[in-house]
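What you see is a predicted model; the values in this text were computed from it and never measured. Throughout, a chain's letter reflects where its sequence line sits, starting with A, and its residues are numbered from 1.
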Amino acid sequence: MKTLVTKLVQNALASLPELADAAAGLAVETAIERTRDPAHGDFATNVAMRLAKSVGTNPRELAARIVAAFPASPEVDKLDIAGPGFINIYLSAAALHAEIKAILEQGNCYGRQPAKDSPRVLLEFVSANPTGPLHVGHGRHGAYGATVGNLLEAAGYDVDREYYVNDAGRQMDILGLSVWLRWLEAHGTQFDFPGAGYRGEYIREIAAQIDTRGAAVVDRGALLRDIPADAPDGDKEAHIGALIERAKELLGAQLFNHIRQQSLESIRQDIEQDLAEFGVIFDRWYSEQSLETTGRIDAALAVLRDRDMLYEKDGATWFRAEQFGDEKDRVVVRENGVKTYFASDIAYHFDKRERGYDYLIDILGSDHHGYAPRVRAGLAAMGYDASSLEVKLMQFVALYRNGEKLSMSTRSGEFVTLRALREEVGNDAARLFYVMRSNDQHLDFDLELAKSRSNDNPVYYIQYAFARIASVFRQLAEKGLSHDDSRGRDNLDLLRESQEKALCSALGRYPEVVLLAANNRAPQHLVHYLRELANDFHSYYNAHAFIVDDPALRDARLTLISATRVVIGNGLGILGVSAPEKM
RNA sequence: GCGCCCGUAGCUCAACCGGACAGAGCAUCGGAUUUCUAAUCCGGCGGUUGCAGGUUCGAGUCCUGCCGGGCGCGCCA
């Protein structure tokens with residue numbers, strides 16, 4: 001619809017030679033928008049106001065000239081000049097009806113743009129450390145990322161979804177240690193579990209399941225001899241560091257490694273299954289360990305070195321990040337020879353580009369905001385355009401139970417899992433609830449509220465509209481009638497009620513909303529739209545009967561709600577929410 | 001101290017590169033169905049868009065400064 005109007009306005013402008021210069025720099029599609037108020041027609045354009053200054057006339061006068069130049073079109077009923085110089089465009093019934101037909105012809109494809117060859121997009125999201133089950137914060141990342149992925153695909157982009165598995169570093173040693181310690185406990189060794197260890201119940205479950213052949217049960221004395229005290233008497237990091245060394249010593253590096261790898265793989269698989277049940281599917285699970293084992297980190301560092309982007313200072317290797325807009329230079333290889341996490345990140349993003357993705361989107365927690373300039377600097381230093389990395393920051397989900405904010409520490413084990421949340425409120429409600437707010441808005445999630453008021457969740461309002469339409473068609477069949485869609489399409493002119501016009505107009509907005517939501521990575525636009533569309537439908541439902549005696553009117557109305565069903569179904573599909581035939 | 005994000009109705013939030021009287025839901029008050037699901041609909045109440053300036057024909061939106069909240073500023077991951 002908008003495309004059509006844009007074209008008409010462009011033609012009008014093109015036929016006015018005196019505007020050629022001024023209009024050259026104007027992207028017409030940005031000057032056209034849906035009106036908020038139906039009294040202002042269907043579309044409005046502010047081109048006259050934008051061009052008036054450079055042309056040297058007042059906006060209303062210019063608007064009059066543009067209106068006079070407007071090409072005659074069966075799609076437009078009338079044009080008005082309003083306010084300071086808006087041109088209001090009223091679409092004809094024929095134009096609205098053509099859209100209804102398009103919806104029914106295109107079905108599942110309605111609202112989808114033709115596939116683009118480029119850019120190839122890589123969308124990375126969740127990427128939670130495999131040290132425990134996902135919690136409700138990760139759920140927000142999953143729902144948002146999956147929905148943005150769907151939106152980008154609908155907008156025609158070729159997009160892959162990737163999960164970066166942080167399976168390297170000290171946290172993995174702590175995980176391996178935690179599992180081993182629980183295994184020892186299960187075999188009768190008594191000691192206080194380290195405060196810095198992973199304390200969740202799932203650690204015990206992993207300990208009971210994994211292959212520990214070759215591991216000997218050690219007693220308390222052998223375990224704790226010469227180990228510095230844990231907090232509060234000592235330093236918890238020193239304590240757990242010494243325990244890791246003790247574990248490697250007693251088990252041998254190979255067996256410790258075996259326990260660690262099994263533990264992380266068990267957790268990673270659990271995460272994958274959890275997300276899959278939530279409708280969040282990844283094309284690839286990319287291991288941080290693999291970056292090192294395949295030499296990609298060294299390769300990336302070599303590229304930087306060749307470009308003179310590295311230097312040595314205080315025994316460490318530094319990357320000249322400041323040259324590329326970062327606050328300061330960053331260490332990539334520590335004094336002790338160990339590469340930093342940042343080195344992996346540079347290599348990982350370098351690898352994304354090398355694999356042929358020309359546009360990268362990372363969805364990260366808002367606490368990672370300092371990370372974007374750093375990685376961009378890395379890309380730029382390696383010769384890639386820094387703007388090819390887009391970072392969307394997700395604000396936190398704060399959990400409340402009985403009005404009290406809950407701790408979300410993974411190590412303490414005091415967190416509510418995504419799985420528990422899904423079981424309480426259902427996948428559909430959770431998916432929709434998570435994306436209703438803008439990503440840069442905090443989300444307060446009150447568990448009691450979500451549970452007790454789950455029927456008030458807007459998801460049911462939208463689903464109910466879909467189910468009601470299905471129900472109408474069931475009723476129709478029970479009455480021994482059927483819907484003659486072709487007769488319905490021929491009689492769309494009979495739809496003259498205000499609710500019918502409102503619904504027609506709302507349906508035609510869908511493709512624009514999908515594009516808007518995709519371009520802004522803002523699924524909430526689609527949620528709000530679907531709620532409004534459902535409202536238009538419910539109002540219609542209450543005001544008029546569909547199954548009326550007059551066959552022509554009946555079929556026309558059924559054709560209209562049929563199109564409504566298609567659009568709601570497509571929209572819910574993008575959101576990953578089910579569209580039930582019955583509720 | 002420096003940086004990023006946020007501040008809109010009693011509550012939770014919308015508002016499409018700046019556009020027309022700032023919109024929904026919840027709450028509250030009042031109505032609607034002998035008819036296709038009342039998980040619905042219609043209406044009322046509710047606002048100095050944190051504060052003060054500036055740019056503009058026009059500012060919730062852009063700029064500056066304050067106030068308030070969140071997060072980040074490691075040779076951690």
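- Listed nucleotides B:A77, B:G19, B:C36 differ in distance to A:Q475; the shortest reach to its side chain belongs to B:C36.
- Residue A:V527 comes nearest to A:I462 through the heavy atom pair O-CD1, 4.3 Å, listed as atom of the first residue, atom of the second, then distance.
- Between the side-chain ring of A:H528 and the base of B:A14, no stacking contact exists by the 5.5 Å and 30° definition.
- Within 4.0 Å of A:T317, counting heavy atoms only, lies no atom of the nucleic acid at all.
- With hydrogens and angles ignored, a donor-acceptor pair closer than 3.5 Å exists between the side chain of A:N46 and the base of B:G19.
- Between A:Y371 and A:H368, the ring planes are perpendicular. Angles over 60° get that label, and only those under 30° would be called parallel.
- Closest to the A:K328 side chain, of the nucleotides B:C16, B:C73, B:U12, is B:C73.
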Item to complete: Show the numbers, then the answer: is there a ring pair (Phe, Tyr, Trp, His ring centres under 6.0 Å) between A:Y540 and A:F546?
Response: CA-CA 9 Å; A:Y540 183 28; A:F546 307 136; 4.9 Å; yes
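- Going from the C1' atom of B:U40 to that of B:G54 covers 49 Å, rounded to whole Å.
- Closest to the side chain of A:H538, from the set B:C36, B:C41, B:A77, is B:C41.
- Note: A:Y461 and A:H538 have perpendicular aromatic rings, judged against thresholds of 30 and 60 degrees for the angle between ring planes.
- Distance from the side chain of A:V331 is smallest for B:C75 among the nucleotides B:C71, B:A14, B:C75.
- Under the stacking criterion of a centre-to-centre distance below 5.5 angstrom and an interplanar angle below 30°, A:F86 sits stacked against the six-membered ring of B:A20.
- Contact check, A:R557 against B:C36: no side-chain N or O comes under 4.0 Å of OP1 or OP2.
- Seen from the ring of A:Y529, A:R509 does not count as a face-on cation partner, given the 6.0 Å and 45° thresholds.
- Taking atom P on both nucleotides, B:C41 is separated from B:G58 by 40 Å, rounded to a whole Å.
- Taking only side-chain atoms of A:Q524, from C-beta outward, the nucleotide of B:C36, B:A38, B:A15 with the closest atom is B:A15.
- Nucleotides B:C62 and B:C5 have their P atoms positioned 10 Å apart, rounded to a whole Å.
- Remark: P of B:G31 and CG of A:N542 are 18 Å apart, rounded to the nearest angstrom.
- Residue A:R36 has its side chain nearest to B:G60 when only B:C36, B:G60, B:C41 are considered.
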Worksheet item: Step by step, would you call A:Y434 with A:Y144 a side chain to side chain contact (heavy atoms under 4.5 Å, CB included)?
Response: CA-CA 7 Å; A:Y434 272 136; A:Y144 177 79; over 6 Å; no
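- Stem analysis of RNA chain B (Watson-Crick or G-U pairs, both distances under 3.5 Å, runs of at least three) returns B:1-7 with B:67-73, B:10-13 with B:23-26, B:28-32 with B:40-44, B:50-54 with B:62-66.
- Within 6.0 Å of CG in A:D549 there are 12 or fewer heavy atoms belonging to other residues, nucleotides or ligands.
- Pairing each heavy atom of A:L575 with each of A:P523, the nearest pair is CD2-O, 4.5 Å.
- Between A:H40 and B:G19 there is no side-chain N or O to OP1 or OP2 distance below 4.0 Å.
- Taking only side-chain atoms of A:I547, from C-beta outward, the nucleotide of B:C16, B:C36, B:A38 with the closest atom is B:C36.
- Side chain A:N88 to base B:A20: a donor-acceptor pair is found below 3.5 Å.
- Of the candidate nucleotides B:C75, B:C41, B:G19, B:C75 has the atom nearest to the side chain of A:R334.
- When each of A:R531 and A:A467 is assigned the nucleotide of RNA chain B with its nearest heavy atom, A:R531 is the one assigned upstream, toward the 5' end.
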So which protein N/O to nucleotides 1-10 of chain B N/O distances come out below 3.5 Å?
{"from": "B:G3", "atom 1": "N2", "to": "A:H369", "atom 2": "NE2", "distance (Å)": "2.5"}
{"from": "B:C5", "atom 1": "O2'", "to": "A:Q395", "atom 2": "NE2", "distance (Å)": "3.3"}

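- B:A27 sits 11 Å from B:G46 when the C1' atoms are compared, rounded to a whole Å.
- Here the nucleotide nearest the side chain of A:D367, chosen from B:U40, B:G72, B:G25, is B:G72.
- The aromatic rings of A:W285 and A:Y163 sit parallel to each other, their planes meeting at less than 30°, with 60° as the upper class boundary.
- Between A:K339 and A:Y461, the one whose closest nucleotide on RNA chain B sits nearer the 5' end is A:Y461.
- Considering only the side chain of A:Y541, B:C36 comes nearest among B:C75, B:A39, B:C36.
- Using bins of under 30°, 30° to 60° and over 60° for the plane-to-plane angle, the ring pair A:W318/A:Y311 lands in the parallel bin.
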